[in-house]
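Computed from a predicted model, the values in this text were never measured in an experiment.
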Protein chains: 2
Amino acid sequence: MKKNKDHRTCSVGRVLEILGDRWTFMILREAFFGVRYYDQFQANLGIASNILSDRLKSLVKNGILNKKKDPEDARRVVYRFSQKGVELYSVTLALMRWGDKWLSGEEGPPLRLHHKTCGHDLEPMMCCAHCREEIRAFDVSYESGPGQDKSEEEEAD
Amino acid sequence: MKKNKDHRTCSVGRVLEILGDRWTFMILREAFFGVRYYDQFQANLGIASNILSDRLKSLVKNGILNKKKDPEDARRVVYRFSQKGVELYSVTLALMRWGDKWLSGEEGPPLRLHHKTCGHDLEPMMCCAHCREEIRAFDVSYESGPGQDKSEEEEAD
DNA sequence: AAAAATGCTTGCAAATAGCAAGTAAAATAA
DNA sequence: TTATTTTACTTGCTATTTGCAAGCATTTTT
């Protein structure tokens with residue numbers, strides 16, 4: 001991808017530079033389902049091995065996955081989430097929830113989630129940490145934060 | 001992308017078939033910031049015009065954006081979110097929140113969000129709609145749902 | 001009537017992904 | 001102890017996708 005101008009800098013652009021391709025997030029999804037080894041990723045996803053290798057390297061480089069030798073079998077390499085990586089779970093849930101609602105056919109969603117914490121079926125929801133109300137797009141306004149690049153800033157439209 | 005085997009079918013794979021490329025989600029981010037016209041998307045993102053055209057078509061085809069002529073200027077085409085599309089806001093927030101936390105430098109996040117509903121700064125959080133607790137990966141368990149493809153189902157690992 | 005704005009399309013070059021084969025290190029089987 | 005298999009890759013080539021520059025058809029402004 002050409003480096004985008006990302007005029008109105010926000011973190012979404014930065015994240016998508018790491019995760020915004022056709023495979024990276026699928027790899028993470030597998031990892032959230034417990035996959036840890038190269039051959040499992042390959043078998044479950046049907047991804048070309050050079051691409052898988054490249055994406056795993058990128059995820060490790062970006063501190064999302066940690067790579068280490070399996071102490072039980074030195075041929076094996078174990079890929080595990082770092083704290084940074086495991087916190088992408090909210091993105092996974094947001095994607096899954098939207099897909100369950102809008103892309104499932106008559107049959108309903110392919111997977112059911114259960115919230116062990118409260119014992120109920122899990123319906124993930126993006127809420128305000130302060131008031132715990134569900135967040136809708138038109139309830140949010142934006143101001144430039146401390147990390148905004150002033151040289152590129154412009155009026156709201 | 002080669003059609004992936006998506007062995008353990010879940011909605012994330014379906015969603016990423018629509019949104020999982022280098023540009024589609026950036027286009028949606030711009031739309032969440034109020035962009036409605038072709039030339040604005042192009043100027044803000046620096047995307048090639050053939051690719052932008054292709055992605056907008058795909059978003060319209062998938063019912064995420066609606067396309068209509070601007071009644072005030074017949075040259076202009078207005079792209080607006082459908083309900084299906086606007087509900088991708090939770091994904092946008094999840095990405096932004098993670099990027100703010102993990103990819104901002106010393107300076108802090110580039111954008112500050114304000115929750116008009118409660119009047120406080122917005123810290124988006126993925127929570128359980130039932131108990132309103134924050135969801136963490138290891139608090140969730142999975143069962144196959146009604147839409148699971150039985151022919152491909154396998155034991156948990 | 002001519003020029004400019006807008007939203008595209010087209011053709012070609014460059015970058016990226018996919019496929020099949022090969023390799024190196026470690027484990028297991030003969 | 002050697003041969004075979006497993007695992008995690010790499011390499012070289014082909015196919016697909018993206019980027020760039022130019023062009024085009026409406027509609028609006030001058």
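- Nearest nucleotide to the side chain of A:Tyr38, out of D:dA21, C:dG7, D:dA8: D:dA8.
- As a whole-Å value, the separation of B:Arg55 CZ from C:dG7 P is 19 Å.
- Distance, A:Met26 CE to C:dA17 C1': 16 Å, rounded to whole Å.
- Using a 4.0 Å heavy-atom distance criterion, A:Phe41 is classed as making no nucleic acid contact.
- Here the P atom of nucleotide C:dC19 and the CG atom of A:Leu52 are 13 Å apart, to the nearest Å.
- Applying the side chain to side chain contact (heavy atoms under 4.5 Å, CB included) test to A:Asn50 and every residue at least two apart in sequence or in another chain returns A:Ala48.
- The stretch residues 121-133 of chain B participates, sequence neighbours left out, in these side-chain hydrogen bond (donor to acceptor under 3.5 Å, both in side chains) pairs: A:His120-B:His130, B:Arg97-B:Glu123.
- At D:dT10, one or more side-chain N or O atoms of A:Ser53 fall inside 4.0 Å of OP1 or OP2 (strictly under the cut-off).
- Across the protein-nucleic acid pair, B:Gln42 atom CD and D:dG19 atom C1' stand 12 Å apart, rounded to whole Å.
- Distances shorter than 4.0 Å separate some side-chain N or O of B:Trp23 from OP1 or OP2 on D:dG19.
- OP1 or OP2 of C:dC8 sits under 4.0 Å from a side-chain N or O of B:Tyr79.
- Of the residues in residues 57-78 of chain B, those with a non-hydrogen atom less than 4.0 angstrom from any atom of DNA chain C are B:Lys57, B:Lys67, B:Arg75, B:Arg76, B:Val77.
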Residues 56-69 of chain B side chain polar contacts: donor-acceptor under 3.5 Å, at least two apart:
unit_1: B:Ser58; atom_1: OG; unit_2: B:Asn62; atom_2: ND2; d: 3.4
unit_1: B:Asn62; atom_1: ND2; unit_2: B:Ser58; atom_2: O; d: 2.8

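- For A:Glu107, there are no side chain to side chain donor-acceptor pair (under 3.5 Å) partners two or more places apart in sequence or in a different chain.
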For nucleotides 12-15 of chain D, give me every protein contact, N/O to N/O, under 3.5 Å, one pair per line with atom names.
none

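- Residues meeting the salt bridge (charged side-chain N to carboxylate O under 4.0 Å, His left out) test with B:Asp139, sequence neighbours left out: B:Arg136.
- For A:Leu45 and C:dG18, the CG to P distance is 11 Å, given to the nearest whole Å.
- One can place CZ of B:Arg22 at 10 Å from C1' of D:dT17, the figure rounded to the nearest angstrom.
- Between the C1' atom of D:dT17 and the CD1 atom of A:Ile51 lies a distance of 12 Å, rounded to the nearest Å.
- Residues passing the side chain to side chain donor-acceptor pair (under 3.5 Å) test with B:Tyr89, sequence neighbours excluded: A:Tyr142.
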Decide yes or no on salt bridge (Lys or Arg N to Asp or Glu O under 4.0 Å) for B:Asp70 and B:Arg36, but give the supporting numbers first. CA-CA 10 Å; B:Asp70 187 332; B:Arg36 299 286 174 265; over 6 Å; no
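- Rounded to an integer number of Å, the gap from CG of B:Asp39 to P of C:dT9 is 15 Å.
- Looking only at distances, no side-chain donor or acceptor of A:Tyr38 sits under 3.5 Å from a matching main-chain atom of A:Tyr79.
- By the side chain to side chain donor-acceptor pair (under 3.5 Å) test, B:Glu143 pairs with A:Arg112, sequence neighbours left out.
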